[in-house]
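In what follows, a single structure is set out as structure tokens and then discussed.
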Amino acid sequence: MTKLTVTNLINIIKDKASQSKAALLSKPTTLSLLRATTHDSFTPPTHKHISTLLSSTDGSRATASSFLELLMDRLQNTNNAAVALKSLIIVHHIISHGSFILQDQLSVYPSTGGRNYLNLSNFRHNTNPTSWELSCWVRWFAQHIENLLCTSRILGFFFLGKSLCDGEERVSCLTNCGLLKEFDSLVTLVEGICKRPDQVNMNKLVGEIVNLVCEDWVVIETVVIVEVNEFKERLGCLEFGEAVELVCCLKRLEECKERVVMILESQQGLWDSVREVKDKVGMEVYKEKGKVHKEGRKSRFSESDRFSARVISSRDSLWFPSGSDTDSCNIKGLWMKL
């Protein structure tokens, strides 16, 4: 029997033992969570298990809060990559399809801090090659979820599960500063997606995560297009500093194009709009920078002129007496001129 087969057998025994214990202790929520987050490295949690789990915890804020604590304990206390990935899939499901109560409790987790740190950037599980590969996906998917939570906080709502038919109207009400803050967060989200690990082996668990992020991208791309078009309408209303910040964000986004096109389906119209706005705003920044430079030089020349006007010219030179008659006459004549 190979090492991988032995490991799988041990994991199956662990799952059965944990589920039996939860059933004996009459903890239905714990049992549902264990069934959705087994140690199986190749099979994602079924939609039935996730739906059953979330629907049973959607009664009140207290119930939702207790469930979030249970889910996060499962996520952060495991050293198994499969369990971590399945727990992250449930968190992602809350972000994209969860009820208001669950999303609200997730947004304030942990209750003492108000910010969400999944704390999985150093996750390692190296029992076998499969677990080592899945560890990379745990770190990346956790970072993607944290970026989703951060962007949702900045936008003020969980945008993945919200209809964006009023997106243009919403962004038109934002100040330039607010729009730039949202756009910067969205670009950071796209940059994180581009760091996706390469899919080496055909694994249904990894495939489920890839599909989820592809669905995220459809929504993210829509929001980005709306905000880029809004910037296009505001080209004449941006301050110099705002224009510089926008150009930097557009350059960062444009640098993601090659990777995005490689791993996702992307609209060419997005990149055309990004290039168009970047070029126009970049030209305005260049002109404004040249204007500031020119005014600075003019200001220095004017200051030099004022200084030179205060310098005594050669015809105003004073003659000091040397004792001779000629010098005396010169001094007398100078005093007569004065």
Side-chain angles (χ1 to χ4, degrees), residues 121 136-137 139-156 159-160 164 167-168 170-172 174-199 209-293:
S121 59
C136 298
W137 288 90
R139 295 191 295 272
W140 173 76
F141 194 41
Q143 183 63 59
H144 173 66
I145 289 176
E146 287 184 339
N147 288 340
L148 284 174
L149 289 168
C150 180
T151 302
S152 296
R153 290 191 185 101
I154 292 174
L155 268 64
F159 67 100
L160 289 184
L164 298 174
E168 295 181 3
R170 186 189 69 83
V171 299
S172 65
L174 296 172
T175 63
N176 291 345
C177 181
L179 187 59
L180 280 167
K181 188 175 181 180
E182 284 192 7
F183 190 62
D184 176 72
S185 181
L186 287 165
V187 173
T188 301
L189 186 54
V190 177
E191 289 174 328
I193 292 176
C194 292
K195 297 176 182 178
R196 194 194 83 179
D198 293 326
Q199 190 173 359
I209 294 169
V210 170
N211 291 336
L212 290 175
V213 177
C214 287
E215 293 174 0
D216 294 348
W217 168 248
V218 173
V219 181
I220 295 167
E221 184 181 34
T222 301
V223 180
V224 170
I225 290 175
V226 169
E227 297 204 350
V228 170
N229 289 335
E230 179 63 24
F231 279 121
K232 190 185 301 184
E233 298 294 328
R234 300 190 187 191
L235 289 182
C237 307
L238 297 174
E239 299 291 338
F240 178 72
E242 295 170 343
V244 172
E245 185 176 351
L246 176 57
V247 170
C248 292
C249 287
L250 290 170
K251 284 184 177 179
R252 287 166 52 203
L253 183 58
E254 203 170 39
E255 289 173 356
C256 297
K257 178 182 177 180
E258 183 177 353
R259 181 63 174 169
V260 168
V261 171
M262 182 185 302
I263 65 176
L264 300 164
E265 293 184 4
S266 178
Q267 302 179 35
Q268 182 58 38
L270 165 63
W271 308 111
D272 292 341
S273 297
V274 168
R275 185 178 64 254
E276 178 186 356
V277 176
K278 188 199 70 173
D279 291 344
K280 288 183 178 180
V281 179
M283 185 60 67
E284 292 299 323
V285 169
Y286 179 78
K287 290 180 180 178
E288 188 67 23
K289 184 178 179 181
K291 181 180 178 182
V292 171
H293 182 65

Classify the ring geometry between His144 and Phe141 as parallel (under 30°), tilted (30 to 60°) or perpendicular (over 60°). parallel

What's the spacing between [X] [atom1] and [Y] [atom2] if we round to 0.5 Å?
X: Cys194; Y: Leu264; atom1: SG; atom2: CG; result: 7.5 Å
X: Ile193; Y: Arg259; atom1: CD1; atom2: CZ; result: 11.5 Å
X: Leu186; Y: Cys150; atom1: CG; atom2: SG; result: 10.0 Å
X: Leu246; Y: Leu180; atom1: CG; atom2: CG; result: 6.0 Å
X: Leu270; Y: Thr222; atom1: CG; atom2: OG1; result: 10.0 Å

From Glu245, Glu242, Glu239, residue fulfilling side-chain hydrogen bond (donor to acceptor under 3.5 Å, both in side chains) relative to Asn176: Glu242

By the ring pair (Phe, Tyr, Trp, His ring centres under 6.0 Å) test, which pairs, at least two apart or in different chains, include something from residues 211-232? Phe183-Phe231

Thr188 vs Arg252, test: side chain to side chain contact (heavy atoms under 4.5 Å, CB included). Steps then yes/no. CA-CA 9 Å; Thr188 301; Arg252 287 166 52 203; 3.2 Å; yes

Which residues pass the side-chain contact (heavy atoms from CB on, under 4.5 Å) test with Val247, sequence neighbours left out? Lys251, Val281, Val285

Please enumerate all residues that pass side-chain contact (heavy atoms from CB on, under 4.5 Å) together with Lys181, with sequence neighbours excluded. Ile154

Check whether any side-chain heavy atom of [X] sits under 4.5 Å from a side-chain heavy atom of [Y], and report yes or no.
X: Arg196; Y: Val213; answer: no
X: Val228; Y: Glu276; answer: no
X: Glu191; Y: Cys256; answer: yes
X: Cys214; Y: Glu265; answer: no
X: Leu235; Y: Val277; answer: yes
X: Leu148; Y: Thr151; answer: no

Which one of Arg234, Arg170, Lys232 satisfies the salt bridge (Lys or Arg N to Asp or Glu O under 4.0 Å) criterion with Glu227? Arg170

Does a donor on one side chain sit under 3.5 Å from an acceptor on the other, for Glu215 and Asn211? no

Around atom CD of Glu258, are there more than 12 heavy atoms from other residues, nucleotides or ligands closer than 6.0 Å? no

Closer than 4.0 angstrom, basic N to acidic O: yes or no for Lys257 and Asp272? no

Check step by step if side chain to side chain contact (heavy atoms under 4.5 Å, CB included) holds for Glu182 and Val223. CA-CA 10 Å; Glu182 284 192 7; Val223 180; 5.7 Å; no

Main chain of Gly192, side chain of Trp140: is a donor-acceptor contact present, judged purely on distance under 3.5 Å? yes

Dump the intermediate steps for side chain to side chain contact (heavy atoms under 4.5 Å, CB included) on Ser273 and Ile225, then the final yes or no. CA-CA 8 Å; Ser273 297; Ile225 290 175; 5.7 Å; no

Residues Leu253 and Trp271: closest non-hydrogen pair is O-CZ3, 3.3 Å

Tell me, with the steps shown, if Val171 and Leu174 meet side chain to side chain contact (heavy atoms under 4.5 Å, CB included). CA-CA 5 Å; Val171 299; Leu174 296 172; 4.3 Å; yes

Checking side-chain hydrogen bond (donor to acceptor under 3.5 Å, both in side chains) for the pair Glu233/Asn229: CA distance, chi angles, key distance, verdict? CA-CA 7 Å; Glu233 298 294 328; Asn229 289 335; over 6 Å; no

